[in-house]
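As a basis for the values below, the full set of heavy atoms in this structure was taken, side chains included, without hydrogen atoms, waters or symmetry mates. Reminder, nothing fancy here: chain letters follow the sequence lines and each chain counts from 1.
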Amino acid sequence: MLQIYNTLTRKKEVFKPLKEGEVSIYACGPTVYNMPHIGNYRTFFMTDNIVRTLEYIGYRVKLVMNITDIDDKTIRDSKAGGMSLKDFTDKYTVEFFKGLDMLNIKRASAYPKATENVDGMIELAQKLMEKGLAYEKGGSVYYRISGFPDYGKLSKINFDNIIIGASVDVDEYDKDNPRDFALLKASTLEEIERGIYYESPWGKIRPGWHTECSVMAMNSFGPTLDIHTGGVDLIFPHHENEIAQSEGATGKPFVCNWVHGEHLIVEGEKMSKSKGNIFTLPEIVGEYGGEVVRFMFLSVYYRKKLDYSDAFAENAKNNYLRLKETLDNLEFSLGGAENSSYPGDEEILKALPELETQFREALESDFNTPKAITVLRDLSHTANRYLEAGKNKQVLIKIHSLYRQFSDVLSLFAEAGKDEIPEEVMRLVEERESARKMKEWAISDTLREKIKSLGYIVQDTKEGPNVKKAEES
RNA sequence: GUCAGAAUGGCAGAGUGGCUAUGCUUCCGGCUGCAACCCGGAAUUAUGUGAGUUCGAUUCUCACUUCUGACUCCA
């Protein structure tokens, strides 16, 4: 039974999709104006984990993630970079996808772009205006918050106590209420000169930030969807505004389950340019590898802050390597497995389904990946103990397949046991084996060093030498 | 300032009204020609502070402290 923590109710709830066996998810994607940092990817990863878990449980999942390719920052920075808006955002869209691949994040069903959905946004604005929930001023269209009594239900903000003066926007635009937000923004002269504008019943405009998500989500799934994900910082105002726009227009509930991922911080502090502690994904992946980064994300519950540091990364890497080692060794042992039975065979076969249940229950408990990792460690330990004592082929196959099942859901260890060993290395390994048979330890040790210098390590086992690629460190 | 969330050993981290798991790290032992891997065992002042409820609190309540975030672009 899958339970999901819903920001709307601040409780874990039993998940029930709108359509039997099928789940619709909308995820807030990137604004493509710079290199995304690892914090951004933690959130994308969270959504990936949700998708994989749902599929593991047996749902068909349709994920839509938007790409914001027109907003204040993209317009500003493309100009600063002397590029057209499209060239600029295309460049960072490519970077975004590269990052997804580094982390082996599954592609969504669709990645709609804001610039390709402006018609829908204009329609939405019109509809809201007909309902008296929007008004035009100075060529911009604003949402009238006072017309939507539910405003604030997601963020639980009591608007009476908030200092509105903190907002600079008060005199920048001419709004009825300072909290009203723009659905469509009147184009500036500069934007018009650069060709960044769309024709609308109110003149030349460009989309406001919040409108795109409502439009794309409802275009993809209709008025109501199962799950909407994003980072905690989007709860207010972005998601609050999405609800206001969507529910204001349709009169129907917009999202059943709001899921928000906590932030990644660095040594206790928020990543920020002024502190100079921003890490991009390629930096970290370059140092530790994509799967270790995945493992880092998996080892902290998505609703908790992840405090990134070198020590944290090293720790994660060691943990990761140990679990990968088990799978490597399982793959290796399968080769030498026999059909004879061993004491403990039955015990193992009984334990495996229990572990499978525990693993599934961990993930079903609001995607508790750290707990799932603990179950994987249990399996690793069980496997290692069995490898000490027995090598029944059928048993090994069962252990191995469960190990693979777990690691596939978590998307880890894709390369385990698949190291390509160059011929040259194999020759040295064989040479070393003959030396060992002759008890020529000095020669054998020299050969091991030589193999190591080529980037491979040899482990002597009862079944013969196990050769694998050395982990870079 | 207002609001929201968080605080568990050297590190990571899950759980629980009554021995707190698990892994990393460190140490000892076994396996091994030696390693590596693995197995067995052990260790470290662990539940932010102070109250309250309770026979009993790390778990529930309150306050405080600290941190993070939202209120302003933000994953």
Side-chain angles (χ1 to χ4, degrees), chain A residues 7 10 27-31 33-34 36-47 71-73 76 152 155-170 172 179 209 229-238 240 260-265 268-272 295-296 299-301 303-307 309-323 325-326 328-329 332 362 365 368-378 380-381 383-389 435-436 439-442 444-445 448-449 452 457-462 465-466 468 470:
Chain A
T7 310
R10 308 281 157 120
C28 278
T31 300
Y33 75 110
N34 62 6
H37 54 64
I38 42 168
N40 299 117
Y41 279 105
R42 183 184 187 204
T43 304
F44 303 140
F45 168 82
M46 168 192 81
T47 302
D71 80 320
D72 293 344
K73 286 170 301 197
R76 179 194 68 202
S155 52
K156 321 279 184 216
I157 290 176
N158 178 353
F159 290 95
D160 301 337
N161 292 334
I162 284 190
I163 304 165
I164 293 166
S167 163
V168 221
D169 280 330
V170 175
E172 188 177 323
R179 301 227 71 86
W209 173 35
T229 64
V232 279
D233 52 343
L234 296 184
I235 295 172
F236 188 86
H238 185 51
E240 197 70 71
H260 291 97
E262 251 299 347
H263 279 172
L264 180 151
I265 56 178
E269 292 180 320
K270 188 185 177 179
M271 274 191 277
S272 71
F295 192 88
M296 290 186 214
S299 56
V300 182
Y301 191 28
R303 286 200 284 126
K304 279 195 149 191
K305 279 183 273 290
L306 189 163
D307 193 354
S309 64
D310 290 343
F312 174 82
E314 285 298 331
N315 194 355
K317 184 181 165 186
N318 288 340
N319 274 285
Y320 164 84
L321 286 177
R322 180 170 161 93
L323 291 170
E325 185 83 37
T326 303
D328 274 330
N329 292 344
F332 178 77
S365 169
N368 194 331
T369 53
K371 215 170 164 185
I373 296 265
T374 297
V375 180
L376 177 62
R377 286 196 184 112
D378 274 355
S380 163
H381 195 231
N384 284 329
R385 284 176 58 156
Y386 184 71
L387 287 175
E388 290 272 296
R436 290 186 70 227
K439 297 197 193 295
E440 297 279 7
W441 306 128
S444 133
D445 288 351
R448 183 164 59 201
E449 278 309 307
K452 197 177 169 192
I457 47 176
V458 195
Q459 295 179 349
D460 299 326
T461 75
K462 285 168 195 156
N466 184 1
K468 35 189 129 174

Separation of L323(A) CG from R377(A) CZ (nearest 0.5 Å):
6.0 Å
Regarding the side chain of S299(A), the nearest nucleotide among U22(B), A12(B), C37(B) is A12(B)
Verify the contact: side-chain N or O of R179(A) to OP1 or OP2 of U72(B), cut-off strictly under 4.0 Å; return yes or no.
yes
Using a cutoff of under 3.5 Å, can you pull out all pairs of nitrogen or oxygen atoms linking the protein to nucleotides 67-69 of chain B, with atom names and distances?
| from | atom 1 | to | atom 2 | distance (Å) |
| --- | --- | --- | --- | --- |
| U68(B) | OP1 | G268(A) | O | 3.4 |

Remember a base hit wins even if backbone is also touched, and classify Q459(A) as base, sugar-phosphate or nothing at under 4.0 Å, heavy atoms.
base
Kindly give the atom pairs (protein nitrogen or oxygen, nucleotide nitrogen or oxygen) under 3.5 Å for nucleotides 44-46 of chain B.
none

Backbone N/O of N315(A) and side chain of N319(A): donor-acceptor pair under 3.5 Å
yes
L376(A) and S380(A): CA distance, side-chain angles, deciding distance, side-chain contact (heavy atoms from CB on, under 4.5 Å) verdict:
CA-CA 6 Å; L376(A) 177 62; S380(A) 163; 5.7 Å; no
Heavy atoms under 4.0 Å, any strand shown: does I457(A) hit a base, just sugar-phosphate, or nothing?
nothing
Could you give the CE-to-P distance, from M296(A) to C11(B), as a whole number of Å?
18 Å
Considering only A75(B), G40(B), A36(B), which nucleotide approaches the side chain of H381(A) most closely?
G40(B)
Does G15(B) have OP1 or OP2 under 4.0 Å away from a side-chain N or O of N368(A)?
yes
What distance do T229(A) atom OG1 and M46(A) atom CE have between them, rounded to the nearest 0.5 Å?
4.5 Å
Strictly distance-based, threshold 3.5 Å: is any side-chain N or O of D445(A) a donor or acceptor partner for the main-chain N or O of A442(A)?
no
Between K304(A) and A7(B), is there a contact of a side-chain N or O with OP1 or OP2 at under 4.0 Å?
yes
Separation of R377(A) atom CZ from G23(B) atom C1', in whole Å?
4 Å
Determine yes or no for a side-chain-to-main-chain donor-acceptor pair under 3.5 angstrom, with S309(A) supplying the side chain and F312(A) the backbone.
yes
Given the C1' atoms of G1(B) and U72(B), what is the spacing between them in whole Å?
15 Å
Touch check for I235(A), heavy atoms < 4.0 angstrom, all strands: base, sugar-phosphate only, or nothing?
nothing
Rounded to whole angstrom, note down the P distance from G18(B) over to G23(B).
23 Å
Once ring-ring contact (aromatic ring centres under 6.0 Å, His included) is applied, do any residues pair with F44(A), and if so which ones, sequence neighbours excluded?
Y41(A), F96(A)
Tabulate atom names and distances for all N/O pairs under 3.5 angstrom spanning the protein and nucleotides 29-33 of chain B.
| from | atom 1 | to | atom 2 | distance (Å) |
| --- | --- | --- | --- | --- |
| G33(B) | O6 | R432(A) | NH2 | 3.3 |
| G33(B) | O6 | R436(A) | NE | 3.4 |
| G33(B) | O6 | S444(A) | OG | 3.2 |
| G33(B) | N1 | D445(A) | OD1 | 3.0 |
| G33(B) | N2 | D445(A) | OD1 | 3.3 |
| G33(B) | N2 | D445(A) | OD2 | 2.7 |

Taken to the nearest 0.5 Å, the spacing of Y320(A) OH from I373(A) CD1 works out to 11.0 Å
N384(A) CG to G23(B) P, in whole Å, measures 11 Å
Same-atom distance (P) from U26(B) to C31(B), integer angstrom:
22 Å
Roughly how many Å apart are U59(B) and C19(B), using the P atom of each and rounding to a whole number?
14 Å
Without decimals, in angstroms, what is the distance between H37(A) NE2 and A75(B) P?
7 Å
Kindly say whether F295(A) contributes a backbone atom to a donor-acceptor pair with the side chain of S299(A) at under 3.5 angstrom?
yes
Let me know the distance between CZ of F236(A) and P of G5(B), rounded to the nearest Å.
17 Å
Any donor and acceptor pair, going by atom type alone, linking the side chain of H263(A) with main-chain N or O of I265(A) inside 3.5 Å?
no
Check this for me: does any side-chain nitrogen of one of K468(A) and E325(A) sit under 4.0 Å from a carboxylate oxygen of the other?
yes
Figure out the CG/P separation between L306(A) and G13(B), and round it to whole Å.
7 Å
Within a reach of under 6.0 Å around CZ of R385(A), are more than 12 heavy atoms found that belong to other residues, nucleotides or ligands?
no
Comparing nearest nucleotides in RNA chain B, the 5'-proximal residue of the pair K371(A), R42(A) is K371(A)
How many Å lie between CG on L387(A) and C1' on G40(B), as a whole number?
16 Å
Hey, mind stepping through K317(A) and L321(A) against side-chain contact (heavy atoms from CB on, under 4.5 Å) and telling me if it holds?
CA-CA 6 Å; K317(A) 184 181 165 186; L321(A) 286 177; 4.1 Å; yes
For G231(A) and S380(A), find the nucleotide of RNA chain B closest to each by heavy atoms; which residue's nucleotide sits nearer the 5' end?
S380(A)
Once you apply a heavy-atom cut-off of 4.0 Å, does P237(A) come out as touching a base, just sugar-phosphate, or nothing?
sugar-phosphate
Please work out if V458(A) contacts a base, only the sugar-phosphate, or nothing of the nucleic acid, heavy-atom cut-off 4.0 Å.
base
Among A14(B), C38(B), A75(B), which nucleotide sits nearest the side chain of Y301(A)?
A14(B)
Kindly compute the distance separating OG1 (T461(A)) from CG (L387(A)), expressed to the nearest 0.5 Å.
10.0 Å
To the nearest 0.5 Å, tell me how far D328(A) CG sits from N466(A) CG.
7.0 Å
Roughly how many Å apart are C24(B) and A43(B), using the C1' atom of each and rounding to a whole number?
15 Å
Output one line per pair: protein atom, nucleotide atom from nucleotides 24-28 of chain B, and distance, for all N/O pairs under 3.5 Å.
| from | atom 1 | to | atom 2 | distance (Å) |
| --- | --- | --- | --- | --- |
| C24(B) | OP1 | R322(A) | NE | 2.8 |
| C24(B) | OP1 | R322(A) | NH1 | 3.1 |
| C24(B) | O2' | N315(A) | OD1 | 3.4 |
| C24(B) | O2' | N318(A) | ND2 | 3.4 |

Flag, side chain of R42(A) to backbone of G231(A), donor-acceptor distance under 3.5 Å
no
In this structure, OG1 of T7(A) is separated from NZ of K156(A) (nearest 0.5 Å) by 9.0 Å
Under 4.0 Å, counting only non-hydrogen atoms across every strand here, what does G261(A) touch: a base, just sugar-phosphate, or nothing?
nothing
Give the dot-bracket line for RNA chain B from 5' end to 3' end: parentheses for intra-strand Watson-Crick or G-U pairs under 3.5 Å, square brackets for crossings, | for inter-strand pairing, dots for unpaired.
(((((((..(((.(...[.).)))((((((.......))))))....(((((..]....))))))))))))....
Is there a side-chain contact (heavy atoms from CB on, under 4.5 Å) between E262(A) and K305(A)? Walk through the geometry before answering.
CA-CA 5 Å; E262(A) 251 299 347; K305(A) 279 183 273 290; 3.3 Å; yes
Rounded to the nearest angstrom, tell me the gap between atom CD in E240(A) and atom P in A4(B).
14 Å
Give the ring-plane orientation class for W209(A) versus H238(A), where under 30° counts as parallel, over 60° as perpendicular and anything between as tilted.
parallel
